[in-house]
There are 2 protein chains.
Amino acid sequence: MSDTEHLSVQQATDLVDAAFRAASVPAPVARSVAVALVTAEAEGQVGHGFSRVEDYIAQVRSGKIAANAEVSTHLAGTTSLLVDAGHGFAYPALDRAIEEGGHLALKHGCATMGIYRSHHCGALSIQVERLARKGLVAIMVANAPASMAPWGGNEPIFGTNPIAFAAPRGETDPLVIDLSLSKVARGKIMNARKSGKPIPEGWALDRNGQPTTDPVAALEGTMVPIGEAKGTALALMVEILSTVMVGAARSTEASSFFSADGPPPAVGQFLIAMKPMDQSGFEGRLQQMLEEIAAMEGARVPGTRRIATRKMAEKGGLDVPLHYIQAIRAIIADGT
Amino acid sequence: MSDTEHLSVQQATDLVDAAFRAASVPAPVARSVAVALVTAEAEGQVGHGFSRVEDYIAQVRSGKIAANAEVSTHLAGTTSLLVDAGHGFAYPALDRAIEEGGHLALKHGCATMGIYRSHHCGALSIQVERLARKGLVAIMVANAPASMAPWGGNEPIFGTNPIAFAAPRGETDPLVIDLSLSKVARGKIMNARKSGKPIPEGWALDRNGQPTTDPVAALEGTMVPIGEAKGTALALMVEILSTVMVGAARSTEASSFFSADGPPPAVGQFLIAMKPMDQSGFEGRLQQMLEEIAAMEGARVPGTRRIATRKMAEKGGLDVPLHYIQAIRAIIADGT
């Protein structure tokens, strides 16, 4: 295993924050991005954590991410909030969407929030959980560069197009569901390519639509969806909500979230926030349902591991791979 | 093949309508139910069509369906509509939810509609399509008597918990997606039991959580979800939205949609209606996306077969199994 350095969540956040500020990212934006990345890392979602810092900063430097972008919001209706991320980071736009859209939902019963000209939004779980902590039931979807074909086809049209859901539980941590509509995360195939290992059959198809265990052929081909035609039907739903609904680039139009080259990805995110309609029964009956699942042999409540992992990190700190820390310290040293 | 009788959609609707009126169902309710059942039949969704008429009428006669129930609505917020189906049929409650909730969404940008004390809601595709024909993007979920376990568990907690989605396409028929979160419809296993045939492996588990090809063991066990743990996470989302969110019975609490015995199922339905936020780009860009899918070899746009089948029936009529027609005529003869 590679060497690691042990940091508290606070130290890790301050370090990432300092790296973005060293790259001339305005302080409030740097803070928003650092909090999102370190929270994802603390949840064990390492594909949305430290591993992104260098790529993000390269994109700030090349101008692909407009770090100085002002987020602007516009009411398309009483309860319909459009958020222009201005080709900047997704996180400050999500902060605004959750703040203003959450307020609308609490006031009116429900609200929808659409973000366009946006970028990689990291772990959706974190965003829906924030709405749930305001007492709201929340759904979030997002698109990403195309990697999944409609069922039966060979050409990528959809991203791995995640769906996240959260529900408030009073004093208890919210229930949080977060899943992509591909069988496995694309990052797993990227890791296999890096380490030169084959991937299990059933993860991906080559460019001719044939099953492959070669990660290079897989990355040139398409990801296998969950649930065959049903999975790609859900991916189409997510694609519509997060792109044409809000005026964002489609997955086929979006540039890479990793490379510093090319135009901004301009992807979209879409959120729905809703007050529980049955105010008196909601909390107790949800609690009962989740307790039944937790008590069932072999079953577990989705998301519990993720929140437990984060709480452990908040208490005991994080082991961060040393090469990430060194790269971040080099960025900070460069900028000072 | 069994004998059939050829009827126009209008004749079929009038016949089913007459059967419900003969069973003392008030005329507007009979009409709403007949339209929903015959539309499902015309779409080829025969599990939600003629096959339900006798079961519904037996439940009206036993008092399990309160056919005289007055649907009442209540605003839980500016854009949050609660609909009490009063233990009657789901369809008149859906009519109200779509009429009033559709109006709210068009006025304010989005609206949510929750129906409780409801019954079997048939094909969700029909309901979301109606919202799309008003120019709204729509999502609908519903629960049903428990038949699916959380991933890894053996006890049914969820129904097959469908998700439907529709998007308007101007002059073209809306895009409509409608899928259950089980690998196959439970009706397919019921049909296998009736005909004494084994079912393919992968459809269902026995009560010990083992794969089974015996339809009897399958009906005593649980349905296999799409996408393993991801499918049951989505089923949990649907369960929360359609039950504890709106004050409806959970899938574990719901009585059968088929048997005339027991208390009302009291299940729930939940709908979200949303105006496209990017008014200028939405329609053209959606059209472009769907054309790309339709043009791709091996792929197809979800729901196109269903709408084409219905249009064919609207033009050329329906072949209805004779035993259904005979049973319906007997009900009408009894009631007159």
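This one's a predicted model, so the numbers in the text were calculated from it and none came from an experiment. Protein chains get the first letters and strands the later ones, always in sequence-line order, with residue 1 at the start of each.
Neither the backbone nor the side chain of Ser280(B) comes within contact range of chain A; no heavy atom of the residue lies under 4.5 Å from a heavy atom of that chain. Proximity to chain A (any heavy atom under 4.5 Å) is restricted, for Ala111(B), to the backbone atoms N, CA, C and O. Neither the backbone nor the side chain of Gln287(B) comes within contact range of chain A, judged by heavy atoms closer than 4.5 Å. For Ala248(B), the part lying under 4.5 angstrom from a heavy atom of chain A is the backbone only. Contacts between Glu228(B) and chain A at a heavy-atom distance below 4.5 Å are absent for every atom of the residue.
Among Pro302(A), Ala233(A), Gly284(A), the residue with the largest count of heavy-atom pairs under 4.5 Å with chain B is Ala233(A). Most heavy-atom pairs under 4.5 Å with chain A, from the set Cys110(B), Ser80(B), Pro276(B), Ala76(B): that is Cys110(B). When Gly77(A), Gly109(A), Gly152(A) are compared by the number of non-hydrogen pairs under 4.5 Å with chain B, Gly152(A) comes out ahead. The candidate from Glu297(B), Met245(B), Glu283(B) with the greatest count of non-hydrogen atom pairs under 4.5 Å with chain A is Met245(B). Note: Leu241(A) leads Ile163(A), Leu241(A), Thr252(A), Leu75(A) in heavy-atom pairs under 4.5 Å with chain B. Between chain B and the options Val301(A), Leu236(A), Val137(A), the largest number of non-hydrogen pairs under 4.5 Å is found for Leu236(A). Between chain B and the residues Glu155(A), Lys183(A), Arg250(A), the most heavy-atom pairs under 4.5 angstrom are made by Arg250(A). Most heavy-atom pairs under 4.5 Å with chain A: of the set Leu286(B), Asn154(B), Ile240(B), Leu181(B), this distinction falls to Ile240(B).
Note that the OG1 atom of Thr112(B) and the NZ atom of Lys275(A) stand 11.0 Å from one another [nearest 0.5 Å].
Residue Asp278(B) comes nearest to Val246(A) through the heavy atom pair CB-C, 3.9 Å, listed as atom of the first residue, atom of the second, then distance. In terms of heavy atoms, Ile157(B) sits closest to Glu292(A) at CD1-OE1, 3.6 Å.
Between Ser180(A) and Lys230(B), the side chains place a donor N or O and an acceptor N or O closer than 3.5 Å (distance only, hydrogens not considered).
A heavy-atom distance below 4.5 Å is not found between the side chains of Met277(B) and Tyr116(A).
More than 12 heavy atoms of other residues, nucleotides or ligands sit less than 6.0 Å from atom CZ of Arg133(B). For Lys188(A), the NZ atom counts as loosely surrounded, since its 6.0 Å shell holds 12 or fewer non-hydrogen atoms of other residues, nucleotides or ligands.
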